[in-house]
Amino acid sequence: MPEIAAPKGTRDILPEEFTARRWLLETHRGVAESFGYRAIETPIIEATELFSRGVGTETDIVEKQMFTFEDRGGRSLTLRPEGTAGTLRAVLGSHLDQEVRPVRVHYAGPFFRAERPQAGRQHQFTQVGIECIGEGSPGLDAEIVEVAWRFFRALGITGIRLQVNSLGGPEDRARYRAALVDYYTPLEASLCDDCRRRLHTNPLRLLDCKRDAGLVAGAPLLWDSLDRASRDHFTAVLRDLEAAGIDAIRNDRLVRGLDYYSDTVFEFWHDTLQGAQSSLGGGGRYDGLAELLGFPATAATGYALGVERILMVARALGTVPGIEPAAETLVCSVEPGQAEAAAGMARLLRDAGARTVLDVADRRLDRKLRGAGRVGARVAVIVGENEVAEDSAVVRDLDGRSQQTVPIAELIATVTRILGGTS
RNA sequence: GUGGCCAUAGCUCAGCUGGUUAGAGUGCCAGGUUGUGGCCCUGGAGGUCGCGGGUUCGAAUCCCGCUGGCCACCCCA
């Protein structure tokens, strides 16, 4: 019988990594809540239409990256590839925005994309994100960037390169798309294969091409297609970011892959991640998404960040806190005969709040004490024949290498004194 | 989805141009110490050589397919 392995593109989160992720997730929660964002959780499966309508039919995500299946009633469902559409659906569908505006929410959870896996790109991955729904002021674009900025700072991650751009409104984008097509069409013969395809499917993507960089340099600028309102909006965002002390790099070629963005878009890059995976996450304003999903027009802005990638950077930078030992106390019997007495003492210690491992296996005492070091315990409580006879225990300070025999009544006090003293 | 590299013990890896019982380090278990750890010594367990087929007298080694990982592209988290 072959062993069953985790499905392709998925990974198990073992205790050590779990601890690091918890640190990251808790840090994000703390920063988001310090700005008044509240936690939300939405389903992992959604109607396929949520993404085909929201994210855009001709985007890569919807075209070829979704895990889609039919339920027993023949409805098409999809494992969510991103979080914004579902969150907006949840907030507007429940009329949360009728109570306060804007609605500020944060979330964390698994997402799924069927791309070829490699480091930092898995079928199942984790994102933390926030959405600010119900108001269109540029100050809120700056606010969410500031949340992310503080989040990275709280993790101790330096060297973040924040890229910002404005895509303008739908009309601006249509105008720009036309300008790009006008520019590239005469050059079509000299384009690379990918670009020739992009010219007809998704002209904005032409700006991403590395091979035709020379042509990109001469392409029309997005900024020139923006109307007055979008220019003012973006100028205000840049001003607010500067006021917040955030270094934003204007990148006229930054075009995010999802159709629903309008005006402000941004991405966070870091150089310790190699090439294709240099993006830690991004976001932007998506004032048009609500209507695409059938809700009243509602302005909104938000971001999503990749937990696994950020963890890779934090690890490379050495900012991940050391893992806590599994237990601070180990209680062991000398022989199996003292198992019950030892178990009783372990209960006392746990009641007193000490994380305690019990080892009453039938093996040599020195092996059990070796185990104490392995779980990270700083105190060993040893119970043998003599101790049972006189209702006492040997309390050994594993760091100080000293020990004493104490009555059970003094066990807790003795152990907590040692634990308190060394920490 | 396209192209390339890789897959040997729990972990990190060696195994030359196919040759007999597949190795090391580390970890694990045990003994040295019939009640005392992080060092040391000794011994032991543990491997369908990713899976399936083919070539050959003989395959961990060569060929094909599959699965999985990694890298690049695509794109993004």
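A, B, ... follow the sequence lines: proteins, then strands. Residue 1 opens every chain. The shown structure was predicted, so the numbers you read here are calculated from the model rather than taken from an experiment.
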Checklist entry - Mind checking whether A:Y261 and A:Y286 have parallel, tilted or perpendicular rings, split at 30° and 60°? => result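 Ring orientation, 0 to 90° scale: perpendicular.
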
Checklist entry - Using 30° and 60° as the class limits, which term best fits the ring planes of A:F67 and A:F112: parallel, tilted or perpendicular? => result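 Correct class here is perpendicular.
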
Rounded to whole angstroms, how far apart are [atom1] on [X] and [atom2] on [N]?
X	N	atom1	atom2	answer
A:E385	B:U34	CD	P	15 Å
A:H270	B:C76	NE2	P	21 Å
A:Y260	B:C76	OH	P	12 Å
A:E308	B:G69	CD	C1'	17 Å
A:Q65	B:C73	CD	C1'	14 Å
A:L330	B:G37	CG	C1'	10 Å
A:R21	B:A77	CZ	P	17 Å
A:F112	B:C75	CZ	P	24 Å

Next on the checklist: Name the residue from A:T356, A:V357, A:V381, A:L358 that meets the side-chain contact (heavy atoms from CB on, under 4.5 Å) definition with A:L330.
Outcome noted: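 Option passing the side-chain contact (heavy atoms from CB on, under 4.5 Å) with A:L330: A:V357.
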
Identify whether any heavy atom of [X] sits under 4.0 Å from a base atom; if not, whether one sits that close to sugar-phosphate; answer base, sugar-phosphate or nothing.
X	value
A:G129	nothing
A:V307	nothing
A:E387	base
A:E267	nothing
A:E115	base
A:R396	base
A:E82	nothing

Next on the checklist: Rounded at 0.5 Å granularity, tell me how far OG in A:S166 sits from CG in A:D263.
Outcome noted: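 It comes to 4.5 Å.
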
Using atom [atom1] of each nucleotide, how far apart are [N] and [M] to the nearest Å?
N	M	atom1	answer
B:A22	B:U48	P	12 Å
B:G15	B:G23	P	15 Å
B:G27	B:C13	C1'	14 Å
B:G18	B:C62	P	8 Å
B:A7	B:C51	C1'	11 Å
B:U55	B:A60	P	16 Å
B:G50	B:U12	P	14 Å

Item to check | Whether A:R53 side chain and A:L292 backbone form a donor-acceptor pair below 3.5 Å | outcome: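 Flag set: sc A:R53 to bb A:L292 pair under 3.5 Å.
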
Checklist entry - Hey, is the main chain of A:P325 close enough, under 3.5 Å, to the side chain of A:R355 for a donor-acceptor pair? => result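 Looks like yes, one N/O pair under 3.5 Å.
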
Item to check | A:V334 versus A:Q338, closest heavy-atom pair with distance | outcome: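 Where A:V334 meets A:Q338 most closely, the heavy atoms are N-OE1, 3.4 Å.
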
Item to check | A:L369 versus A:A380, closest heavy-atom pair with distance | outcome: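 Heavy atoms of A:L369 and A:A380 come nearest at CD2-CB, 3.8 Å.
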
Sort out the partner of [N] for me: Watson-Crick or G-U wobble, both distances under 3.5 Å, none otherwise.
N	value
B:G47	none
B:A7	B:U67
B:U42	B:A30
B:A24	B:U12
B:U2	B:A72

Next on the checklist: Evaluate A:E26 against A:R22 for salt bridge (Lys or Arg N to Asp or Glu O under 4.0 Å), listing each step before the verdict.
Outcome noted: CA-CA 6 Å; A:E26 282 300 300; A:R22 184 163 52 195; over 6 Å; no

Next on the checklist: I'd like to know whether the aromatic ring centres of A:H270 and A:F152 sit less than 6.0 Å apart in this structure.
Outcome noted: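 Ring centres of A:F152 and A:H270 not closer than 6.0 Å.
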
Next on the checklist: Can you tell whether the side chains of A:R121 and A:E308 come within less than 4.0 Å, N to carboxylate O?
Outcome noted: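 Looking at A:R121 and A:E308, the cut-off is not met.
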
Next on the checklist: Under 4.0 Å between a side-chain nitrogen and a carboxylate oxygen: does that hold for A:R378 and A:E328?
Outcome noted: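 The answer is no: the pair does not qualify as a salt bridge.
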
Checklist entry - What's the closest nucleotide to the A:L398 side chain, out of B:C71, B:G37, B:U36? => result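 Among the listed nucleotides, the one closest to the side chain of A:L398 is B:G37.
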
Could you list all N or O pairs between the protein and nucleotides 28-32 of chain B that sit under 3.5 Å apart?
from  : atom 1 : to     : atom 2 : distance (Å)
B:C28 : OP1    : A:R374 : NE     : 2.8
B:C28 : OP1    : A:R374 : NH1    : 2.5
B:C28 : OP1    : A:R374 : NH2    : 2.6
B:C28 : OP2    : A:R374 : NH2    : 3.1
B:G31 : OP2    : A:R364 : NH1    : 3.3
B:G31 : N7     : A:R367 : NH2    : 2.8
B:G32 : OP2    : A:R364 : NH1    : 3.4

Checklist entry - Under 4.0 Å between a side-chain N or O of A:Q118 and OP1 or OP2 of B:G69? => result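 A:Q118 to B:G69 OP1/OP2: no side-chain N or O under 4.0 Å.
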
Item to check | Contact under 4.0 Å: A:R121 side-chain N or O vs B:G69 OP1/OP2 | outcome: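 Looking at the OP1 and OP2 atoms of B:G69, neither is under 4.0 Å from any side-chain N or O of A:R121.
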
Next on the checklist: Is there a side chain to side chain contact (heavy atoms under 4.5 Å, CB included) between A:E146 and A:D240? Walk through the geometry before answering.
Outcome noted: CA-CA 10 Å; A:E146 189 175 357; A:D240 286 353; over 6 Å; no

Item to check | Interface with RNA chain B, restricted to residues 153-163 of chain A and to heavy atoms under 4.0 Å | outcome: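 Contacts with RNA chain B under 4.0 Å: none.
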
Item to check | Residue met sooner reading RNA chain B from 5', once A:A377 and A:R116 are mapped to nucleotides | outcome: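 Nearest-nucleotide comparison on RNA chain B picks A:R116.
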
Item to check | 5'-most by nearest nucleotide on RNA chain B - A:K8 or A:L365 | outcome: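 Its nearest nucleotide being more 5', the pick is A:L365.
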
Checklist entry - Does the pair A:T42 and A:R89 meet the rule for a side-chain hydrogen bond (donor to acceptor under 3.5 Å, both in side chains), with working shown? => result CA-CA 9 Å; A:T42 62; A:R89 177 195 58 65; 5.3 Å; no

Which protein N or O atoms sit under 3.5 Å from an N or O of nucleotides 9-12 of chain B?
none

